[in-house]
Participant: 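Sharing a structure with you now.
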Amino acid sequence: MLKNKLLVAALVSAFSVSAMADDAPAAPASPFSTNVALTTNYLYRGISQTGGKPAIQGGFDYANANGLYIGTWGSSISWLSDGGAAANAGLELDTYGGYRSTAGALGYDVGFLRYNYPGTYAPGATKGDTNEIYGKLTYSYFYVKYSYSLGDTFGVPDASGTNYIDITGTYPIPDTTYTLAAHYGKQSYSGSSAKYNAYVANVLGGFSPTYSDYNISLSKDLTNGYAASLTYSNTNATAAYNSTVYGTTNKLGKGVAVLALSRTF
């Protein structure tokens, strides 16, 4: 960023500077960006990661003009400690990288995403750490994204082949600062090993971890990098996603409205 001019110099040159402004080239966009958000409930694929409580989130990204990008993102969470799988596990820290470009009217994006859940895990518990590869196609207002797990998946052991399909449409409402979006997704778990089957039977109570989720949201650009959104989300998740804390059963995939405020800079 250019340094501020001295007041006298600014006053003397004000006219000439304003006359030249229209001809001056625009500063190139920075490849670096940062984001921070506050949300009343951190939902991921329709499932609360915070037991229905608020979360603070933020990330840092680098996107090269050639299409390559890398980044990291974090959020406060509680699902691992709520479920008794780990202690001091209040953070999700993701790292990712990939390549995005276009082919005519079609946009595409391929990459790798690592979900990291540091904490002290109970004996025999499977860590929440998960590796996924993904591919995304975008056309007009719509995109389809497919994510494929490479091993243990969000604490479920031997779940290689587990996948998630995300179908989303976004529509910027003309002559307004509002955007309407709708989403449908399906999380399909896969596994056939004795360890996987024992987890489903003994930890999940025999309930399948596969489920579908959907949501509709309205967001508003508040200018200067700020944005606000209101989302209603619901799922058909089984009791595998129930959490019992302090004697109260909480359905982590239940229908819920979420408010969020974010800033990108």
Side-chain angles (χ1 to χ4, degrees), residues 1-3 24-39 42-45 49 55-77 91-118 129-150 154 163-173 176-183 185 215 217-229 231 258 260-265:
M1 183 179 295
L2 296 177
K3 293 182 179 180
S30 171
F32 298 97
S33 65
T34 305
N35 62 84
V36 63
L38 293 172
T39 179
Y42 171 27
L43 298 182
Y44 186 66
R45 298 177 180 174
Q49 308 295 292
I56 184 169
Q57 306 170 332
F60 180 81
D61 294 277
Y62 171 81
N64 194 287
N66 64 11
L68 293 172
Y69 63 87
I70 58 172
T72 185
W73 182 88
S75 177
S76 56
I77 63 164
L91 174 68
E92 173 186 337
L93 184 61
D94 304 339
T95 51
Y96 49 86
Y99 175 79
R100 63 172 68 98
S101 188
T102 58
L106 192 67
Y108 60 91
D109 182 354
V110 293
F112 170 83
L113 171 58
R114 164 80 176 183
Y115 305 82
N116 302 280
Y117 299 96
D129 299 349
T130 302
N131 296 315
E132 285 186 343
I133 54 174
Y134 58 85
K136 178 180 177 182
L137 293 176
T138 303
Y139 179 78
S140 184
Y141 300 126
F142 302 93
Y143 74 75
V144 177
K145 182 178 180 181
Y146 181 78
S147 301
Y148 183 89
S149 176
L150 301 178
F154 305 123
N163 61 85
Y164 183 76
I165 186 164
D166 171 0
I167 303 172
T168 297
T170 59
Y171 179 68
I173 301 174
T176 75
T177 56
Y178 291 92
T179 298
L180 185 65
H183 153 85
N215 67 54
S217 66
L218 182 67
S219 61
K220 178 176 173 58
D221 181 357
L222 302 176
T223 72
N224 297 319
Y226 288 96
S229 66
T231 302
V258 178
L261 175 66
S262 63
R263 190 187 183 195
T264 302
F265 48 94

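Please read these numbers as outputs of a predicted model, since none were measured by experiment. Worth knowing before you read on, the calculation uses all heavy atoms, side chains too, and leaves out hydrogens, waters and symmetry mates.
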Participant: Is Asp129 reaching over with its side chain to a backbone N or O of Tyr117, donor-acceptor style, under 3.5 angstrom?
Facilitator: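 Yes, because the side chain of Asp129 sits within donor-acceptor range (under 3.5 Å) of the backbone of Tyr117.
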Participant: Where do Ser149 and Thr130 come nearest, in terms of heavy atoms and distance?
Facilitator: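 Reported closest heavy-atom pair: OG-CG2, 4.1 Å.
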Participant: Can you list the residues that meet the ring-ring contact (aromatic ring centres under 6.0 Å, His included) rule with Tyr62, with sequence neighbours excluded?
Facilitator: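 Once residues adjacent in sequence are excluded, the partners of Tyr62 under the ring-ring contact (aromatic ring centres under 6.0 Å, His included) criterion are Phe32.
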Participant: Going by the rule side chain to side chain contact (heavy atoms under 4.5 Å, CB included), which residues pair with Asp221 if we only count those two or more places apart in sequence or in a different chain?
Facilitator: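 Thr177.
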Participant: Return yes if some donor-acceptor pair links the side-chain N/O of Asn116 with the main-chain N/O of Leu93 below 3.5 Å, else return no.
Facilitator: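 Checked: pair present.
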Participant: Is any side-chain heavy atom of Phe265 closer than 4.5 Å to one of Val36?
Facilitator: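 Touching, per the 4.5 Å side-chain cut-off.
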Participant: For Ser76 and Leu91, indicate whether the former's side chain and the latter's backbone hold a donor-acceptor pair under 3.5 Å.
Facilitator: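 A pair under 3.5 Å: no.
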Participant: Of all the heavy-atom pairs spanning Arg263 and Asn224, show the shortest one and how long it is.
Facilitator: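 Arg263 and Asn224 have their closest heavy atoms at NE-O, 3.3 Å.
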Participant: Got a second to check how far Phe112's CZ is from Asn131's CG, nearest 0.5 Å?
Facilitator: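 Reported value, rounded in 0.5 Å steps: 4.0 Å.
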Participant: If a pair satisfies side-chain hydrogen bond (donor to acceptor under 3.5 Å, both in side chains) and one of its residues is in residues 132-142, list it, with sequence neighbours excluded.
Facilitator: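 Residue pairs passing side-chain hydrogen bond (donor to acceptor under 3.5 Å, both in side chains), neighbours aside: Arg45-Glu132, Tyr69-Tyr134, Tyr115-Glu132.
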Participant: Near Tyr99 OH, under 6.0 Å, is it more than 12 heavy atoms from other residues, nucleotides or ligands?
Facilitator: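 More than 12 within 6.0 Å, yes.
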Participant: Sequence neighbours left out, what passes side-chain hydrogen bond (donor to acceptor under 3.5 Å, both in side chains) with Lys145? Give chain and number order.
Facilitator: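 Per chain and number, Lys145 pairs via side-chain hydrogen bond (donor to acceptor under 3.5 Å, both in side chains) with no residue.
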Participant: What residue among Thr231, Asp166, Thr170 forms side chain to side chain donor-acceptor pair (under 3.5 Å) with His183?
Facilitator: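 Single side chain to side chain donor-acceptor pair (under 3.5 Å) partner of His183 among Thr231, Asp166, Thr170: Asp166.
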Participant: State the OH-CD1 distance between Tyr146 and Ile165, to the nearest 0.5 angstrom.
Facilitator: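 The OH atom of Tyr146 sits 8.0 Å away from the CD1 atom of Ile165.
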Participant: Could you pull out all residues at least two apart from Leu218 that satisfy side chain to side chain contact (heavy atoms under 4.5 Å, CB included)?
Facilitator: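 Scan of Leu218 (side chain to side chain contact (heavy atoms under 4.5 Å, CB included), adjacent residues dropped) gives Ile173, Tyr178, Leu180.
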Participant: Can you name the nearest heavy-atom pair linking Leu43 to Val258, along with the distance?
Facilitator: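 Scanning both residues, the minimum pair turns out to be CD1-CG2, 3.8 Å.
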Participant: Please check if any side-chain donor atom of Tyr96 sits under 3.5 Å from a side-chain acceptor atom of Asp61, or the reverse.
Facilitator: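 Short answer, yes.
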Participant: Could you work out, with side-chain hydrogen bond (donor to acceptor under 3.5 Å, both in side chains) as the rule, every residue matching Tyr42, not counting sequence neighbours?
Facilitator: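 Counting only residues at least two positions away or on another chain, Tyr42 forms a side-chain hydrogen bond (donor to acceptor under 3.5 Å, both in side chains) with Glu92.
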Participant: What are the two closest heavy atoms between Gly135 and Val110, and how far apart are they?
Facilitator: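 The answer is CA-CG1, 4.2 Å.
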